Trainee: 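This is the structure I want to talk about, given as structure tokens.
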Amino acid sequence: MQTKEIEISGVIESIVFHSDQTDYTVLELSVTGSEGEAELITAVGTLPPSGEGECLVLRGSYTRHPEYGRQFSFTSYEKSLPKAVDDILKYLSSRTVEGVGPVTALKLVNRFGPDTFEVMENHPEWLADIPGITMKKAAKISASFREQTDLRRVVMFCRDYLGTGESARVYKSFGAGAVGMIEKNPYILCDEGCGIPFCKVDAMAASLGYPAEGEARIITALSHVLRYNADTNGHTCLPREKLIAATAAEISVSEAVVVGALDQAIASRKLYVFHDEGTAYIMLNRVAAAESYAARRIGRLLREAPCFSGADISALIAKVEAQMGVEYETLQRKAIFSALDGGMMILTGGPGTGKTTVVKAMLSIFESLGQKTVLAAPTGRAAKRMSSATGAEAKTVHRMLEMERTEGKEPRFNRNEHATLDETVVIVDEASMIDLYLFEALLRAMRRGSRLILIGDANQLPSVGAGNVLADLIRSEEIPTVCLTEIFRQSEKSLIVTNAHKINEGQMPILSATSGDFFFVRREDESSIATTVSELIFRRLPKTYGASIRDRIQVITPSRKGSGGVEILNKTLRESMNPKTSVKKERLHHGVLFREGDRVMQTVNNYEIEWEKNGLTGMGIFNGDIGVIEQILPHEERMLIRFDDRLADYPFEILEQLDLAYAITVHKSQGSEYPVVIIPVFPCAPMLMTRNLLYTAITRARSMVILVGCVSVVEQMVRNDRRVLRYTTLCERVRSESNETF
């Protein structure tokens with residue numbers, strides 16, 4: 001039975017705890033009872049920063065915490081400044097207003113009494129009559145008080161729709177007049193500078209009576225659909241007709257109304273249109289600018305890098321062969337030649353084709369020429385693998401570009417066109433993972449006359465973020481590209497390598513092996529897949545390879561749903577690997593139960609999460625990072641998660657960015673490598689039963705792959721060469737830039 005909400009009101013006696021990240025607050029409220037006696041009540045809930053002495057009206061119910069006893073858990077609130085002189089003194093003494101402490105507070109209240117706040121707001125010059133308060137200090141006190149008053153007004157106006165952090169962004173974007181501006185056009189809150197989600201703003205607009213077919217609503221909805229498709233499906237643009245239909249369906253208006261608003265948005269340059277072969281593609285201005293800049297910068301790279309003569313390059317290759325005691329095969333020599341012959345090149349190839357050997361040769365040659373070189377990859381795991389393979393330091397692209405925290409959604413990179421990289425050669429591995437925005441940032445940071453070498457596997461899945469950068473660049477045929485195809489002798493013994501290439505060529509992998517590094521466990525009964533995976537991890541593999549193998553296994557599956565999907569496997573495997581005990585704290589959030597000791601994955605890039613490593617602090621946990629929950633702190637509404645050697649602090653309000661990671665999807669495994677990979681193969685959505693998805697999953701394994709499931713599903717995936725369609729314009733822009741340049 002649902003507990004009936006009640007209302008209590010009183011004055012804040014003290015703030016016991018307040019989280020700056022979540023606004024979760026524990027406070028003591030002085031409530032006057034019917035007999036006139038004051039009672040001190042502990043209240044818990046979400047409340048913006050508040051001061052002692054403030055008046056609160058709270059709505060909620062009494063609960064009993066197992067550790068802290070009876071408390072009032074509130075779900076909504078109203079707050080106002082204190083009116084009684086004693087409460088005004090308490091409020092100001094809590095240092096809520098900048099420049100006012102207990103001593104100054106007493107002077108103010110003694111002089112102005114109940115009119116103190118009115119004087120602070122409207123007559124700051126009067127404050128200077130008090131000894132110790134100069135005109136400068138009086139102005140500072142008044143400005144701080146007015147800012148708090150204005151912010152409180154915005155928070156209270158938006159409280160039914162926005163969190164306090166979002167309301168603070170609104171105030172920072174629009175200032176004291178924010179409420180009036182919102183009442184006139186609430187959709188300004190969706191602007192990039194403010195970034196409030198469309199669904200929240202649309203609900204607010206409806207409550208304010210904004211017309212359903214209002215132009216601002218429809219234009220904002222068009223931007224919302226474009227942004228959603230960029231974030232979710234990777235499209236940097238949409239064909240005009242698809243955008244119109246999707247927007248009309250999203251906000252339940254006619255397509256004719258959307259057409260009129262779209263034409264107006266294009267005419268007023270709120271949206272950008274790109275024409276290609278008779279089709280109009282609609283883009284957000286920010287995305288169009290990124291693709292346009294990338295194309296222009298690529299043109300400059302191709303033109304400006306110093307080149308060497310063919311004879312000099314051949315001599316350099318011969319020299320490094322002698323030094324390393326190797327003889328490069330034809331395509332490897334071509335790749336090295338291409339890296340020295342221009343400002344940009346792409347190196348691709350499957351596992352075992354010698355990409356690392358080529359990179360080592362490049363590093364040696366560029367070092368001999370006095371060129372400063374930097375190695376980078378999109379993820380920390382990929383950077384570590386690159387460093388281990390080459391023997392040279394490799395960084396994440398974010399670290400290389402010196403990313404720092406910002407209040408907005410996008411990060412800020414301190415390395416840019418105004419502070420370029422020191423290195424003249426930039427080599428980036430796992431380039432298929434690079435999205436448009438990161439690629440733009442990388443290009444902005446490269447100095448004139450430098451070289452960019454992208455290394456990747458074009459047959460893997462595209463980036464999680466917007467764009468299809470590597471595939472677009474290869475498809476343009478404007479950037480020199482070398483694809484290594486020969487499998488070297490040391491890799492020929494590996495069935496992982498052999499089967500990966502077979503799958504890539506549309507051939508069935510060898511499934512009959514009983515020894516080596518690639519195995520197939522046949523389970524035609526789909527319902528037994530999860531049980532079999534659990535048995536492999538907890539009984540069969542440890543019996544053969546020792547108990548330590550459990551920590552080196554990652555289950556990678558095509559789908560979230562189904563008999564071998566992430567949701568079922570995570571529940572099954574968690575109960576074996578991290579069972580419930582009386583001492584392990586738990587937290588249920590967005591339908592997912594988190595438990596201390598759980599393996600979890602970050603599912604989006606978050607540049608604002610704080611972490612600590614060996615006494616040093618940093619920012620940012622990124623999509624695909626896997627960690628273990630070390631501690632859940634329910635009273636502080638946060639948990640501590642260790643990602644390798646980084647201990648991150650997670651407020652409960654962002655737990656929707658986490659998933660259990662005993663099993664992960666293939667898409668989330670990109671850029672990572674695991675010693676042992678178990679892959680369930682079972683019927684799921686046709687768009688997930690593809691050749692490149694199976695290929696990507698298999699190539700995540702370093703030492704062993706085990707497929708569990710149906711032969712017919714493997715056959716279907718191998719036959720299905722369907723590629724993920726992404727609407728982008730980078731390829732066409734690169735071609736156009738090349739035609740104009742040359």
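Reckoned from all heavy atoms, side chains included, excluding hydrogens, waters and symmetry mates. Fair warning: this is a prediction, and the values are worked out from it, not measured in the lab.
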Trainee: Check the side chains of Glu612 and Thr617 for a donor-acceptor pair under 3.5 angstrom, ignoring hydrogens and angles.
Mentor: no
Trainee: Is Asp644 reaching over with its side chain to a backbone N or O of Gly627, donor-acceptor style, under 3.5 angstrom?
Mentor: no
Trainee: Would you check if the side chain of Lys613 reaches a backbone N or O of Gly618 as a donor-acceptor pair within less than 3.5 Å?
Mentor: no
Trainee: Donor-acceptor pair, Glu596 side chain versus Ile632 backbone, under 3.5 Å?
Mentor: yes
Trainee: Can you name the nearest heavy-atom pair linking Val97 to Ile141, along with the distance?
Mentor: CG1-O, 3.8 Å
Trainee: As an exercise, state the distance from CG of Leu647 to CG of Leu640, rounded to the nearest 0.5 Å.
Mentor: 5.0 Å
Trainee: Distance alone, cut at 3.5 Å: any donor-acceptor contact between the side chains of Gln264 and Glu215?
Mentor: no
Trainee: When you look at Glu166 and Tyr171, which way does the side chain to side chain donor-acceptor pair (under 3.5 Å) test go after all the steps?
Mentor: CA-CA 9 Å; Glu166 292 173 318; Tyr171 175 73; over 6 Å; no
Trainee: Do Asp202 and Tyr187 meet the criterion of a side-chain donor-acceptor pair at a distance under 3.5 Å?
Mentor: yes
Trainee: Which is it for Phe652 and Tyr24 under the ring pair (Phe, Tyr, Trp, His ring centres under 6.0 Å) test, yes or no, and what are the steps along the way?
Mentor: CA-CA 9 Å; Phe652 282 176; Tyr24 178 77; 8.2 Å; no
Trainee: Examine distances only and state if a side-chain atom of Asn414 and a backbone atom of Met403 form a donor-acceptor pair shorter than 3.5 Å.
Mentor: no
Trainee: So, does Trp611 use its side chain to make a donor-acceptor pair with the main chain of Ile621 at under 3.5 Å?
Mentor: no
Trainee: The test is salt bridge (charged side-chain N to carboxylate O under 4.0 Å, His left out); show your working for Lys580 and Glu575 and say whether it passes.
Mentor: CA-CA 7 Å; Lys580 181 182 180 69; Glu575 293 315 307; over 6 Å; no
Trainee: Output yes when a side-chain donor or acceptor of Asn416 lies under 3.5 Å from a complementary backbone atom of Ala445, and no otherwise.
Mentor: no
Trainee: Could Asp625 and Arg646 be called an ion pair, given the rule that one side-chain N must be under 4.0 Å from one carboxylate O?
Mentor: yes
Trainee: Under 3.5 Å, side chain of Asp87 to main-chain N/O of Pro82, donor-acceptor pair present?
Mentor: no
Trainee: Could you check whether the rings of His123 and Trp126 sit parallel, tilted or perpendicular, using 30° and 60° as the cut-offs?
Mentor: parallel
Trainee: Examine distances only and state if a side-chain atom of Asp115 and a backbone atom of Glu118 form a donor-acceptor pair shorter than 3.5 Å.
Mentor: no
Trainee: Donor-acceptor pair, distance only, cut-off 3.5 Å: does the side chain of Ser50 make one with the backbone of Pro48?
Mentor: yes
Trainee: Test: side-chain hydrogen bond (donor to acceptor under 3.5 Å, both in side chains). Region: residues 138-148. Which pairs qualify, not counting sequence neighbours?
Mentor: Tyr91-Gln148, Ser142-Arg146
Trainee: Taking Val179's backbone N and O only, do any of them form a donor-acceptor pair with Arg153's side chain (distance below 3.5 Å, no angle check)?
Mentor: no
Trainee: Please determine whether a side-chain nitrogen of the Lys or Arg among Glu7 and Arg59 lies less than 4.0 Å from a carboxylate oxygen of the Asp or Glu.
Mentor: yes
Trainee: Please say whether the positively charged group of Arg70, taken as NZ for Lys or CZ for Arg, lies over the ring of Tyr62, i.e. under 6.0 angstrom from the six-membered ring centre and within 45 degrees of the axis.
Mentor: yes
Trainee: What's the shortest heavy-atom distance between Leu222 and Ala261, and which atoms?
Mentor: CD1-C, 4.3 Å
